[in-house]
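Take a look at the structure set out below.
On a predicted model such as this, the values are computed, not experimentally measured, just so you know.
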Amino acid sequence: MTHSARRMFELLEPICLVTYFADECNEELAALGHRTYWDGYFASRAAPLGRVPAQVVHAAFYSFADGEAARHIPSAWETIPPEASVAARERGSATSLRRILGDEPADSPGLVRAADLTTKAATNAPTEGRMRYAGMRTLPVPGDPVARLWHSATMLREHRCDGHVAALVGARIGGTEAHVLDALARGIHPPGSFGRLHHLPKERLAAVMDGLRERGLVDADGRFTDAGRETKQRIEALTDELAAPPYDALSPAELDELAAELEPITATLVAAGSR
């Protein structure tokens with residue numbers, strides 16, 4: 001099942017990422033009155049948690065620098081209800097999928113079957129210890145197949161993210177440190193040029209790099225040591241293991257069927273830039 005969890009992540013992630021790379025979701029959120037991309041991001045993604053304070057959002061999201069969540073939560077909810085933001089996020093994401101896939105594939109029996117199987121997996125995992133996933137489980141599952149596919153894929157993404165945070169905490173890797181390891185795994189050097197890091201104050205990034213050097217995870221040039229590479233691989237393997245429970249709801253034949261139905265959908269999305 002660990003292999004299946006990795007395979008499903010690769011197939012489902014481009015479906016989720018239209019939320020962030022395509023225009024429709026941002027347009028829907030802006031139309032509500034959100035002033036910036038990040039206002040809409042935090043307001044809509046954190047909404048399933050309820051009206052929690054910024055400290056809780058920061059803890060749940062894990063990888064953002066100190067103070068980033070507080071710049072948007074709770075102010076982004078003061079004039080726009082969280083329920084409106086999360087609905088706009090879903091509406092815009094489904095519209096993006098329909099545009100990219102085209103009307104015929106979006107209405108095909110294959111997509112409907114993919115939505116049904118993804119929903120079966122996404123609604124049959126335990127919620128204990130899965131804060132973001134549990135929040136998503138409180139939302140109604142859409143009836144429209146395209147929206148249902150996006151919604152269920154996003155539930156599985158949040159389930160995986162919760163497990164990834166647990167793996168990082170267990171390895172004593174903080175959120176910014178995780179971005180450094182991710183950059184190095186992608187072959188990005190110096191890691192500070194990575195898009196999730198380059199905006200940080202130089203002093204903050206230098207302190208993170210120094211801490212990783214002291215632990216023997218990066219060398220003097222800021223590249224992986226053997227211990228650093230092994231740590232990253234161990235975190236990813238545990239993330240896959242922790243992401244496997246939803247797929248216990250599917251038989252081996254259903255897993256194969258789901259992969260076959262998702263492959264052309266994912267290929268179209270990746271070709272359009274969702275990766």
Side-chain angles (χ1 to χ4, degrees), residues 8-9 12-20 22 24-34 37-54 56-62 69 72-74 76-98 106 111-112 114-165 242-243 245-247 249-250 258 262 274:
M8 287 299 113
F9 167 68
L12 292 170
E13 183 73 349
I15 295 171
C16 305
L17 291 182
V18 298
T19 303
Y20 310 110
E24 286 88 346
C25 182
N26 294 332
E27 291 169 354
E28 288 277 0
L29 290 165
L32 287 180
H34 289 299
Y37 170 87
W38 289 109
D39 274 354
Y41 172 91
F42 278 99
S44 61
R45 192 177 182 194
L49 298 176
R51 290 179 180 266
V52 296
V56 175
V57 176
H58 176 75
F61 285 18
Y62 194 72
H72 309 280
I73 298 298
W77 291 333
E78 288 174 353
T79 58
I80 303 165
E83 297 80 7
S85 294
V86 77
R89 178 180 186 235
E90 181 174 287
R91 191 165 57 245
S93 299
T95 301
S96 293
L97 284 176
R98 280 196 171 276
L111 185 139
V112 173
D116 289 344
L117 290 172
T118 303
T119 302
K120 183 177 179 180
T123 55
N124 281 285
T127 58
E128 290 80 3
R130 308 280 183 163
M131 186 186 302
R132 284 181 286 179
Y133 171 66
M136 285 289 297
R137 282 283 298 273
T138 68
L139 303 179
V141 176
D144 172 71
V146 174
R148 186 164 72 251
L149 178 61
W150 175 85
H151 179 90
S152 297
T154 300
M155 273 200 284
L156 291 168
R157 185 176 197 258
E158 297 292 40
H159 180 279
R160 183 184 180 88
C161 287
D162 286 331
H164 187 55
V165 169
L242 294 174
Y247 303 105
L250 303 181
L258 177 56
L262 287 173
S274 186

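When side chains are defined from C-beta on, P74 does not count as touching R51, because their heavy atoms never get closer than 4.5 Å. No side-chain heavy atom of R157 sits under 4.5 Å from any side-chain heavy atom of I15. By the 4.5 Å heavy-atom criterion applied to side chains, E90 and D144 are not counted as neighbours. V57 has its side chain out of reach of H72: every pair of non-hydrogen atoms, C-beta onward, lies at least 4.5 Å apart. Counting heavy atoms from C-beta on, the side chains of M155 and T123 come closer than 4.5 Å. Residues R132 and R45 have side chains in contact (heavy-atom distance under 4.5 Å, counting atoms from C-beta outward). Put simply, the side chain of L156 does not reach to within 4.5 Å of the side chain of M8, judged on heavy atoms. Annotation: side chain of L149 is in contact with side chain of L262 (closest heavy-atom distance under 4.5 Å).
Rounded to the nearest 0.5 angstrom, S93 OG and E28 CD are separated by 9.5 Å. If you take CZ on R98 and CD on E24, they are separated by 12.5 Å, rounding to the nearest 0.5 Å. Once rounded to the nearest 0.5 Å, the distance linking CZ of R148 with CG of L111 reads 9.0 Å. The structure places CG of L29 at 9.5 Å from OH of Y37, a figure rounded to the nearest 0.5 Å. We find the CD-SG distance between E158 and C16 to be 8.5 Å, quoted to the nearest 0.5 Å. With values rounded to the nearest 0.5 angstrom, E27 atom CD is found 9.5 Å from T95 atom OG1.
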Candidate pair R89 and T154, rule side-chain contact (heavy atoms from CB on, under 4.5 Å), full reasoning: CA-CA 11 Å; R89 178 180 186 235; T154 300; 4.1 Å; yes
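Shortest non-hydrogen contact noted between D162 and M131 is OD2-N, 3.3 Å. What you find for A153 and T118 is that their closest heavy atoms are N-CG2, 3.7 Å. Heavy atoms only, all atoms of each residue included: G163 and L242 are closest at O-CD1, 3.4 Å. Considering all non-hydrogen atoms of both residues, V165 and A60 come closest at CG2-O, 4.4 Å. The heavy-atom pair separating G33 from I80 by the smallest distance is C-CD1, 3.6 Å. The two residues P53 and I73 make their nearest non-hydrogen contact at C-CG2, 4.3 Å.
A donor-acceptor pair under 3.5 Å links the side-chain atoms of T138 to the main chain of G135, judged by distance alone. Between the Y133 side chain and the A122 main chain, a donor and an acceptor come within less than 3.5 Å of each other. Side-chain atoms of N124 never come within 3.5 Å of backbone atoms of A249 as a donor-acceptor pair (strictly under, hydrogens ignored).
In this structure, W38 and F42 have tilted ring planes: the angle between them lies in the 30° to 60° band.
Checked against side-chain contact (heavy atoms from CB on, under 4.5 Å), A43 has the following partners two or more places apart in sequence or in another chain: H34, A76, W77, S85.
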